[in-house]
Amino acid sequence: MANLTIQLGRDVTLSNPVMAASGTFGYGDEVPDLVDVNQLGGLVTKSLTLRPNEGHAPPRIVETPAGLLNAIGLANIGVEAFCAGKLPFLETLQTQVFVSIAGATVGEYVDILTAIERSGNKIAGYEINISCPNVDEGGMEFGVSASITETLTAKLRQLTGRFIMIKLSPNVTHIDAIAKAAESGGADGISAINTVVGLDMDPLTGQRSLSNLIGGLSGPAIRPIALAAVHSIAGAVSLPVIGMGGISSAEDIIRFVRAGATAVQIGTANYRDPAVGVNLLARLEQLMEQMQIETLEEIRGVIH
Amino acid sequence: MANLTIQLGRDVTLSNPVMAASGTFGYGDEVPDLVDVNQLGGLVTKSLTLRPNEGHAPPRIVETPAGLLNAIGLANIGVEAFCAGKLPFLETLQTQVFVSIAGATVGEYVDILTAIERSGNKIAGYEINISCPNVDEGGMEFGVSASITETLTAKLRQLTGRFIMIKLSPNVTHIDAIAKAAESGGADGISAINTVVGLDMDPLTGQRSLSNLIGGLSGPAIRPIALAAVHSIAGAVSLPVIGMGGISSAEDIIRFVRAGATAVQIGTANYRDPAVGVNLLARLEQLMEQMQIETLEEIRGVIH
Amino acid sequence: MGLYRLVLRVGDMAALARPGQFVNVLTGAGWDPLLRRPMSIAGIDGRELQLLYKVVGNGTAAMSRWQSGDEIDLLGPLGNGWDAAADGFPVLLGGGAGIAPVYYLHKELLRSSTAHHLIMGSRSTEEHFLQHDPHSGISLSTDDGSAGVAGTVLDALHDLMEAALIPRSGLSLYGCGPPGMMRALADFAGQHEMDCQLALEEIMACGIGLCQGCNVAMRLPGNTPEHSYHQRYRLSCIDGPVFKAKELVTWQI
Amino acid sequence: MGLYRLVLRVGDMAALARPGQFVNVLTGAGWDPLLRRPMSIAGIDGRELQLLYKVVGNGTAAMSRWQSGDEIDLLGPLGNGWDAAADGFPVLLGGGAGIAPVYYLHKELLRSSTAHHLIMGSRSTEEHFLQHDPHSGISLSTDDGSAGVAGTVLDALHDLMEAALIPRSGLSLYGCGPPGMMRALADFAGQHEMDCQLALEEIMACGIGLCQGCNVAMRLPGNTPEHSYHQRYRLSCIDGPVFKAKELVTWQI
Ligand SMILES: Cc1cc2nc3c(=O)[nH]c(=O)nc-3n(C[C@H](O)[C@H](O)[C@H](O)COP(=O)(O)OP(=O)(O)OC[C@H]3O[C@@H](n4cnc5c(N)ncnc54)[C@H](O)[C@@H]3O)c2cc1C
Ligand SMILES: Cc1cc2nc3c(=O)[nH]c(=O)nc-3n(C[C@H](O)[C@H](O)[C@H](O)COP(=O)(O)OP(=O)(O)OC[C@H]3O[C@@H](n4cnc5c(N)ncnc54)[C@H](O)[C@@H]3O)c2cc1C
Ligand SMILES: Cc1cc2nc3c(=O)[nH]c(=O)nc-3n(C[C@H](O)[C@H](O)[C@H](O)COP(=O)(O)O)c2cc1C
Ligand SMILES: Cc1cc2nc3c(=O)[nH]c(=O)nc-3n(C[C@H](O)[C@H](O)[C@H](O)COP(=O)(O)O)c2cc1C
Ligand code: FES
Ligand code: FES
């Protein structure tokens with residue numbers, strides 16, 4: 001019998017390896033009718049900024065071959081409204097909740113995390129977004145520099161005992177170096193990848209597809225890129241890697257585990273089917289039986 | 001009436017903006033029955049190494065969502081056999097021929113280029129591959145370092161008066177900085193992008209999809225990534241940019257021109273249809289009439 | 001280039017639908033296209049749901065190849081729907097495939113015997129599936145004059161006013177169509193201070209409020225729902241797709 | 001899970017085809033799948049070409065939805081084809097969808113009245129479209145024993161030898177099927193020093209020598225064509241797909 005439980009860190013156990021990725025599942029309260037959120041292994045909230053953020057002007061999404069390009073611009077309610085309006089609901093969930101935070105400065109990251117630490121006591125931890133390709137907050141300036149990554153991680157480490165995962169950008173020359181910096185700074189896990197920098201326009205009119213011009217590419221198109229990144233990170237650090245990028249089938253989950261991931265996140269595929277994470281679990285168990293393994297740990301990092 | 005002629009450099013005129021990309025059209029003699037190579041604006045040969053190279057063991061290709069992942073490993077006949085066996089044919093072509101070269105050291109690049117300069121006198125120029133993600137020769141160690149890129153370009157500049165384009169890797173944090181380095185070194189043009197680092201395996205068996213494990217992703221999946229790279233490069237240098245990455249329609253050609261490209265290359269799409277480059281030209285003219293433009297120059301870099 | 005009609009057996013869902021709402025349709029199992037395609041509900045008949053659509057790309061092309069008996073994955077009904085309680089004589093204006101949500105409203109108004117006029121515009125006659133019959137409440141317009149009034153739906157509207165077939169004021173407009181028509185409608189309604197609702201066709205990734213991708217800029221800040229995270233935008237999929245024309249910023253339409 | 005049969009009107013191309021060659025089929029206009037799918041020619045009838053295939057993924061699934069009258073884009077005939085001039089009594093062995101290239105050879109041998117035996121193997125009876133009739137030169141095998149000999153094509157071969165329906169030596173084997181079967185065939189042929197040709201099904205991107213993706217490792221270096229750029233590999237699409245078993249490295253098959 002397949003056992004899907006994942007020990008993510010000392011204090012964090014997931015009922016299964018599948019989490020909803022930041023920015024693709026709101027604050028978990030958007031889809032109660034369509035899906036039982038509690039059946040997910042975990043849930044990462046939309047990235048929070050210090051102040052409410054309306055995001056970029058429309059248009060902010062466009063479909064590309066097997067991909068989705070977006071420049072939402074971290075539209076979110078801000079940490080204050082989150083603590084007052086969303087956290088109470090999130091704390092009633094059985095699933096492990098990770099709050100994603102995004103600052104424009106190290107100080108902002110500190111302030112956001114501090115505010116949540118003060119109000120919340122049942123969340124599992126944080127995902128630190130230093131890899132959003134289309135804004136200043138949570139921006140890639142952080143995610144492309146190993147030294148800033150280490151400094152930021154170390155700062156946040158002092159503020160909480162909860163699980164901290166640093167979410168990395170694929171838009172760098174050596175993602176393994178950034179992962180190592182996060183490890184040195186005291187991170188508990190690395191999540192990867194955020195979206196890949198991309199651009200599109202209407203060819204005939206020249207109209208930009210995103211008001212922000214530049215956006216982030218997600219979806220099946222980036223799966224091989226994400227697998228290479230996860231493989232590189234898993235080889236560089238001894239922290240658990242939470243892999244994502246284009247996952248849309250149980251086979252894809254296995255691919256990320258084989259590349260070295262301990263758990264996975266699903267993003268864009270939720271837009272096709274908000275229940276996809278939960279639906280893939282049955283199929284995942286089936287595949288595990290076919291492979292004659294009881295835990296995913298048995299194939300983690302195993303490529304022949 | 002649409003005029004497709006492209007003035008690429010002082011001495012190089014293309015009859016139209018469409019070239020075949022390196023590694024996807026052999027040495028131009030593989031497909032004579034299926035397509036009239038002379039109707040292409042240009043042809044970039046498979047990258048040449050100093051010595052013949054058998055490439056990686058099978059398997060070396062796998063399809064991914066809207067993409068192709070390959071680790072051919074620069075299989076090629078080597079510069080000597082090229083000069084003796086292929087160059088004479090290439091020099092009979094009407095289309096502009098660019099010879100792609102890939103060395104493991106700066107010295108090898110010099111040797112390859114010198115050998116061709118000695119034998120050839122009708123080729124239009126060179127494409128310097130410093131961006132292949134799966135080998136040492138032509139490898140990304142060059143393409144990810146601005147200073148090596150500048151040194152290499154400057155060395156090769158001294159050896160030839162022909163058109164030199166430097167082919168860049170998207171697997172870097174700041175592609176515009178590498179492009180600027182190539183410009184400082186004396187390049188005549190920048191071509192981009194080469195493939196994006198990727199990985200895949202068979203989920204159930206764990207069998208690697210590529211004997212080399214890591215490969216390069218091409219095809220429609222990477223088009224938004226390539227457009228962002230071209231846009232960034234075009235904003236940084238005043239050299240012509242030769243854009244590529246996922247082009248498979250006349251609309252795609254226009255996308256790259258709007259992102260800042262002066263000409264384009266088609267790679268993976270040749271595998272679907274070896275005559276694709278030629279076939280898209282009629283449609284391109286049609287679209288230009290629809291847009292009421294006579295030359296592509298009128299919309300180069302134009303995004304609203 | 002005509003309109004395709006699709007009838008889907010949807011069971012209980014049919015009873016929930018209201019005119020102006022849409023369904024989000026998965027057009028295939030592969031990744032081309034990757035996302036669902038939003039389609040207005042063009043009518044409900046018992047437990048059947050009707051769509052009217054135009055083939056413009058891979059998704060709609062895949063739909064056009066569906067065979068009787070195929071099983072389809074769709075989410076719905078989604079969105080707010082028309083506010084049919086608006087005062088005034090209802091004039092329904094649909095352009096091209098934009099006829100779909102308008103046609104459903106037309107059917108509902110017929111059912112409740114509410115006097116109204118339906119104007120359907122298109123490029124040429126081949127998209128038309130109705131008969132031009134202004135006296136019984138249905139007008140057509142074509143760009144090329146091949147059916148009904150030669151010109152736009154607004155030209156047809158003017159003609160109807162001239163002919164006194166509809167009132168000159170106190171109209172309540174319900175419109176859906178290509179951007180040009182929507183803008184013209186919004187301008188017209190603004191000039192004549194008429195009530196006007198427009199069903200927008202913003203590009204959507206999820207259709208259910210998850211992606212924040214379908215934001216619509218509002219002319220008047222404030223009073224926007226909290227889930228839109230801001231004062232300036234609403235989400236077309238859950239706050240729309242129907243908006244009051246006077247609340248929209250023109251470039252948005 | 002059975003085999004699909006597709007008959008294509010190909011015109012002049014039919015006259016060029018030889019058994020063991022393949023065509024490279026575009027299964028759809030979109031990018032799922034992105035590349036063509038290689039399919040062995042299973043037969044030629046006048047100006048018609050026949051394929052036999054199994055649905056294993058998106059490409060073959062798309063093919064299975066093709067309707068009579070659809071226009072298909074294919075390149076071919078490609079590849080080298082069987083060397084039918086080989087000495088010895090021809091035994092043709094096809095496993096699963098691997099029957100296709102073997103079946104075409106069977107038809108050609110029938111046409112030229114060349115004595116031979118055809119063995120088709122599959123998991124169960126549903127893939128079989130032939131009748132088990134060893135005395136007239138056709139044997140079937142199934143893993144589950146539901147038709148013909150219970151076991152593999154090699155088990156069937158042994159039975160035929162036992163029954164003296166084919167010679168014990170001097171055979172010339174022509175095989176195509178799943179990797180396990182191909183390896184077993186190569187081993188068998190090696191042990192008995194029999195001539196054996198195998199039609200490989202390497203993954204291909206272009207099918208015409210452009211991508212260098214379909215390389216096959218050769219046991220004996222040297223004598224390899226120049227376009228393969230090396231001593232050790234050949235290209236399955238233009239040097240193959242048919243190779244002599246003894247020239248192949250076992251792990252390659
Ligand atoms: C709420 C809503 C209701 C709709 N109702 C209907 C309907 O009843 N009937 C109908 O025919 N269509 C309707 N549409 C539009 C329909 O969703 C698109 O035509 C469809 O998504 C196109 O998919 P495709 O894959 O065929 O084309 P694609 O390949 O996705 O696109 C083809 C071309 O159309 C453009 N395009 C795609 N989607 C949109 C859009 N939403 N708005 C403007 N341009 C677009 C693309 O930019 C591209 O140029 C509706 C859209 C929305 C948001
Ligand atoms: C020269 C040649 C001749 C062939 N002739 C036939 C034929 O006559 N009839 C027939 O049914 N099939 C034949 N094949 C195999 C056929 O090409 C594949 O089944 C087909 O490409 C699968 O496409 P798909 O999109 O349906 O599946 P995909 O989604 O591409 O693949 C489904 C599964 O099959 C595996 N797969 C795909 N292609 C191959 C391959 N070439 N070898 C091994 N595994 C593969 C994939 O890894 C995956 O696990 C031939 C292949 C070659 C190279
Ligand atoms: C519309 C959209 C919004 C996103 N917003 C966020 C965000 O707020 N914070 C974040 O860390 N990642 C965000 N992401 C990135 C995803 O969490 C994920 O890293 C990425 O999409 C790759 O996974 P996928 O291919 O499964 O979507 C967003 C992605 C999309 C498509
Ligand atoms: C099979 C294969 C082999 C390639 N070989 C080379 C090569 O030898 N030299 C090179 O510079 N680029 C090579 N490329 C990269 C292409 O020239 C091109 O940069 C890339 O594929 C992106 O374009 P595309 O998406 O149109 O294929 C190769 C690409 C493929 C798919
Ligand atoms: S379409 Fe995703 S929020 Fe509206
Ligand atoms: S399939 Fe491309 S070279 Fe053989």
Side-chain angles (χ1 to χ4, degrees), chain A residues 62 64-67 69 133 140 143-145 169-174 196-209 213-217 219-232 246 248-259 287 290-291 299 302-304, chain B residues 62 64-67 69 133 140 143-145 169-174 196-209 213-217 219-232 246 248-259 287 290-291 299 302-304:
Chain A
V62 66
T64 63
L69 194 61
M140 284 184 355
V144 303
S145 155
S169 166
N171 305 292
V172 297
T173 311
H174 299 294
V196 185
V197 166
L199 180 155
D200 203 7
M201 84 288 291
D202 182 279
L204 290 194
T205 65
Q207 204 61 48
R208 60 184 65 197
S209 298
L213 192 56
I214 299 292
L217 185 64
I222 68 168
R223 194 191 69 204
I225 302 172
L227 287 169
V230 166
H231 181 262
S232 162
S248 46
S249 67
E251 283 84 351
D252 288 346
I253 296 173
I254 293 175
R255 284 184 165 97
F256 276 84
V257 173
R258 288 196 181 274
L287 293 178
Q290 228 172 295
M291 291 186 289
I299 54 164
V302 179
I303 309 176
H304 308 293
Chain B
V62 66
T64 64
L69 194 61
M140 285 185 353
V144 302
S145 155
S169 166
N171 305 291
V172 297
T173 312
H174 298 296
V196 185
V197 167
L199 180 154
D200 202 5
M201 84 286 294
D202 182 281
L204 291 195
T205 64
Q207 205 60 49
R208 60 184 65 197
S209 299
L213 191 57
I214 299 293
L217 185 64
I222 68 168
R223 194 191 67 204
I225 303 172
L227 287 170
V230 166
H231 182 260
S232 162
S248 47
S249 68
E251 282 84 351
D252 288 346
I253 296 173
I254 293 174
R255 284 184 166 98
F256 276 84
V257 172
R258 288 197 180 274
L287 293 178
Q290 228 172 296
M291 292 187 289
I299 54 164
V302 179
I303 309 176
H304 309 293

**Request:** Start with the C-alpha distance between V196(A) and V196(B), add both sets of side-chain angles, then the distance that settles side-chain contact (heavy atoms from CB on, under 4.5 Å), and finish with yes or no.
**Result:** CA-CA 11 Å; V196(A) 185; V196(B) 185; over 6 Å; no
**Request:** Provide the closest heavy-atom pair for R223(A) versus P65(B) in the form atom of the first, atom of the second, distance.
**Result:** NH2-CD, 3.7 Å
**Spacing of CD1 belonging to I214(A) relative to NE2 belonging to H231(B), to within rounding of 0.5 Å** = 6.0 Å
**Request:** Answer with side chain, backbone, both or neither: which region of T205(B) has an atom nearer than 4.5 Å to a non-hydrogen atom of chain A?
**Result:** backbone
**Message:** Need one label for I299(A): side chain, backbone, both or neither, based on atoms under 4.5 Å from any heavy atom in chain B.
**Reply:** neither
**Value rounded to 0.5 Å, distance of NE2 in H174(A) from CG in N171(B)** = 10.5 Å
**Asked** Side chain, backbone, both or neither: which part of V172(B) has a non-hydrogen atom closer than 4.5 Å to chain A?
**Response** both
**Complete:** Residue from S232(B), G246(B), S209(B), P224(B) scoring the most non-hydrogen pairs under 4.5 Å with chain A is P224(B)
**Message:** Please find the pair of heavy atoms, one from R258(A) and one from L204(B), that lie closest to each other, and give the distance.
**Reply:** NH2-O, 3.1 Å
**Prompt:** Which bit of Q290(A) is near chain B, if near means a heavy-atom gap under 4.5 Å: side chain, backbone, both or neither?
**Reply:** side chain
**Prompt:** Which residue, L69(B), D200(B), T64(B), V197(B), forms the side chain to side chain contact (heavy atoms under 4.5 Å, CB included) with L227(A)?
**Reply:** D200(B)
**I222(A), part contacting chain B, at a heavy-atom distance under 4.5 Å** = neither
**Prompt:** Which bit of M291(B) comes within less than 4.5 Å of chain A, counting heavy atoms only: side chain, backbone, both or neither?
**Reply:** side chain
**Message:** Please identify, among A229(B), A221(B), G206(B), the residue contributing the most non-hydrogen atom pairs under 4.5 Å to chain A.
**Reply:** G206(B)
**Message:** Once rounded to the nearest 0.5 Å, what's the spacing between atom CE of M201(A) and atom CD1 of I303(B)?
**Reply:** 4.0 Å
**Considering all heavy atoms, the nearest P203(B)-R255(A) contact** = CD-NH2, 3.7 Å
**Item:** Heavy-atom proximity to chain A below 4.5 Å, by part of D202(B)
**Value:** backbone
